[in-house]
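Let me begin by presenting the structure, written as structure tokens, before commenting on it.
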2 protein chains.
Amino acid sequence: MLSANSVEQVQTYNDVVVAFEAEPLCLQSLFSKQPLEQLEAGRTLFFEGDRAKHLFELVEGVLRIFKIMADGRRVITGFFYPGDLVGVSLRDRYLYSAEAVVPVSVRRFGRRAFEDTVCSSPQLRPQLLARLCDEMATAQDQMVLLSCKNAEERVCSFLLKLLRRKQGQDRSCSVVDLPMTRLDIADYLGLTIETVSRSMTKLTCKGIIAPAGRHSICIKKASMLAHLAGEGDECDDGYSSVISLDKARRRH
Amino acid sequence: MLSANSVEQVQTYNDVVVAFEAEPLCLQSLFSKQPLEQLEAGRTLFFEGDRAKHLFELVEGVLRIFKIMADGRRVITGFFYPGDLVGVSLRDRYLYSAEAVVPVSVRRFGRRAFEDTVCSSPQLRPQLLARLCDEMATAQDQMVLLSCKNAEERVCSFLLKLLRRKQGQDRSCSVVDLPMTRLDIADYLGLTIETVSRSMTKLTCKGIIAPAGRHSICIKKASMLAHLAGEGDECDDGYSSVISLDKARRRH
DNA sequence: CGATTTATTGATGCGAGTCAAGACCAGTGG
DNA sequence: CCACTGGTCTTGACTCGCATCAATAAATCG
């Protein structure tokens with residue numbers, strides 16, 4: 001298995017060179033020749049605190065990324081979906097644990113080799129930076145959500161994010177699936193399962209969503225969802241921020 | 001002013017070359033020859049959404065980093081202190097606004113030049129990655145705080161962080177100053193000023209802290225503070241996380 | 001010194017957590 | 001096929017922490 005890995009490694013490096021000359025190279029292509037690894041639902045890919053020897057490309061399935069607090073509470077800091085790279089933002093140890101929500105397949109790549117390859121390529125370097133910045137932006141969005149959105153807004157934000165991801169690949173499809181459990185969603189949104197459940201019931205009553213089995217829902221009114229998510233017209237320019245300083249100091 | 005800047009730029013590049021050959025080079029040294037810029041308290045360094053043309057080294061003072069939501073609410077995602085680099089985790093636009101909490105002095109550096117210089121230096125590259133990972137780790141800690149800590153734990157965590165920063169430079173000094181207002185603290189911790197105030201009063205009554213003027217406090221019992229912050233023995237190994245899954249599903 | 005901003009303290013209400021019961025599923029095996 | 005079982009989800013009743021509203025008190029500044 002180890003020797004097989006070495007062979008793959010060489011092939012990958014060849015690919016890099018070829019791609020470097022001809023086609024536009026992307027970070028994922030580094031992984032493309034690595035063998036697929038399967039992980040059944042509920043299994044752990046790596047633990048928080050473990051030495052971070054590898055990065056992973058998630059090929060299929062969904063991962064949950066979480067920390068366990070001293071008192072046993074779990075905080076899910078994110079979900080990863082096919083195409084995502086897991087572990088780009090780490091030093092020598094994993095900052096979090098990663099578990100398979102559903103059966104998962106990943107490709108593995110040595111962190112050191114990854115960094116070396118990326119750093120030596122003027123094409124890949126900015127892509128790595130961009131990835132990190134995206135992660136950072138996502139983390140900040142989550143902080144905003146946790147700081148000052150109420151239960152309904154949180155659930156709407158979550159559903160909206162899933163919808164947009166779905167529509168990125170298949171426009172005009174408004175059925176999103178929720179592979180994770182209610183407990184996963186609750187731990188991600190900083191709520192309890194009961195509150196998540198109640199919020200979704202409320203949205204169903206309003207006709208904004210319609211349940212389609214336990215692990216998928218149909219978005220009936222995406223615009224309403226966006227409105228309720230509190231992500232309305234993101235007025236991010238300087239003037240608006242100055243103006244709004246004397247406005248609402250309310251929390252909910 | 002512009003021409004003066006250009007001259008400084010050249011000197012900086014010379015420095016880079018010299019340092020590259022001789023002494024251990026750090027990211028801050030890139031800024032060392034840039035002119036100091038002053039910013040009075042309350043002034044904005046840059047706005048969320050502006051084109052990110054520069055990075056900044058904070059030389060003196062404190063910055064608050066925040067986003068304004070559509071309804072006018074403000075979320076402070078972090079504070080920056082002397083020695084910090086502002087803007088390392090950004091694409092082409094600032095993700096947040098930055099304001100001076102107190103009079104501030106910064107050095108400015110072109111983002112493009114910064115990235116080019118850093119990427120071409122094998123010494124600086126890992127430092128940049130490390131910075132980004134630190135930012136990411138900080139953001140995740142904040143997400144944990146916002147997800148499942150109560151008011152008192154949040155305030156304790158905040159004070160503890162300030163204490164540790166202080167002790168990093170001056171051990172055995174237990175008086176930390178709070179240059180920011182209660183409103184800043186509240187917007188950072190996802191609370192209201194009243195709750196922040198009440199929490200600190202409670203800590204005072206317990207003899208854990210003692211107010212020393214409005215903008216500084218004395219930490220009487222650092223260990224108690226750490227305990228109340230809920231950051232006790234961070235049991236981060238894999239086994240503990242498995243064990244604790246069936247434990248407490250409580251939030252406060 | 002008053003004027004204004006900022007912080008503290010108190011009274012009250014609401015949103016979400018908690019506790020508990022029941023519904024809706026898979027599976028599994030009789 | 002149905003009964004049984006363990007797990008997940010929903011719904012209801014109640015509680016409590018923190019937000020809200022309001023009134024002082026303390027600090028800062030012209």
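Note that the structure is predicted; figures quoted are calculated from it, not measured. Letters A, B, ... are given to chains in the order of the sequence lines, protein chains preceding strands, and every chain is numbered from 1.
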Shortest side-chain distance from [X], nucleotide among [options]:
{"X": "Asn150(B)", "options": "dC18(D), dT11(D), dA7(C)", "answer": "dC18(D)"}
{"X": "Thr181(B)", "options": "dT18(C), dA16(C), dA7(C)", "answer": "dA7(C)"}
{"X": "Thr192(B)", "options": "dT10(D), dT20(D), dT9(C)", "answer": "dT20(D)"}
{"X": "Thr195(A)", "options": "dA16(C), dA11(C), dC9(D)", "answer": "dA16(C)"}
{"X": "Glu194(A)", "options": "dA11(C), dC18(D), dA20(C)", "answer": "dA20(C)"}

Would you please confirm or rule out a distance under 4.0 Å between OP1 or OP2 of dT11(D) and any side-chain N or O of Thr201(A)?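 Yes, within the criterion.
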Between Arg73(A) and Asp187(A), is there a side-chain N and carboxylate O pair less than 4.0 Å apart? no
Take Phe31(B) and Leu85(B) through the side chain to side chain contact (heavy atoms under 4.5 Å, CB included) test and state the conclusion after the steps. CA-CA 10 Å; Phe31(B) 293 80; Leu85(B) 299 187; 3.8 Å; yes
Can you measure [X] atom [atom1] to [N] atom [atom2] for me and round it to whole angstrom units?
{"X": "Lys149(B)", "N": "dC18(D)", "atom1": "NZ", "atom2": "C1'", "value": "18 Å"}
{"X": "Leu183(A)", "N": "dT10(D)", "atom1": "CG", "atom2": "C1'", "value": "15 Å"}
{"X": "Ile209(B)", "N": "dT8(C)", "atom1": "CD1", "atom2": "P", "value": "9 Å"}
{"X": "Arg182(A)", "N": "dA16(C)", "atom1": "CZ", "atom2": "P", "value": "18 Å"}
{"X": "Met200(B)", "N": "dT9(C)", "atom1": "CE", "atom2": "C1'", "value": "15 Å"}
{"X": "Glu152(A)", "N": "dC14(C)", "atom1": "CD", "atom2": "P", "value": "17 Å"}
{"X": "Leu189(B)", "N": "dC18(D)", "atom1": "CG", "atom2": "P", "value": "12 Å"}
{"X": "Asp184(A)", "N": "dT8(D)", "atom1": "CG", "atom2": "P", "value": "10 Å"}

Side-chain touch Tyr188(A)/Arg154(A), heavy atoms, less than 4.5 angstrom: no
Are any of the side-chain heavy atoms of Asp184(B) and Thr181(B) separated by less than 4.5 Å? yes
On DNA chain C, check which nucleotide each of Arg214(A) and Ile193(B) is closest to and give me the residue with the more 5' one. Ile193(B)
Can you find an N or O donor on one side and an acceptor on the other, under 3.5 Å apart, linking the side chain of Arg198(B) with the base of dT20(D)? yes
Return the NZ to CZ distance between Lys53(A) and Arg93(A), rounded to the nearest 0.5 Å.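 The CZ atom of Arg93(A) is 11.0 Å from NZ of Lys53(A), to the nearest 0.5 Å.
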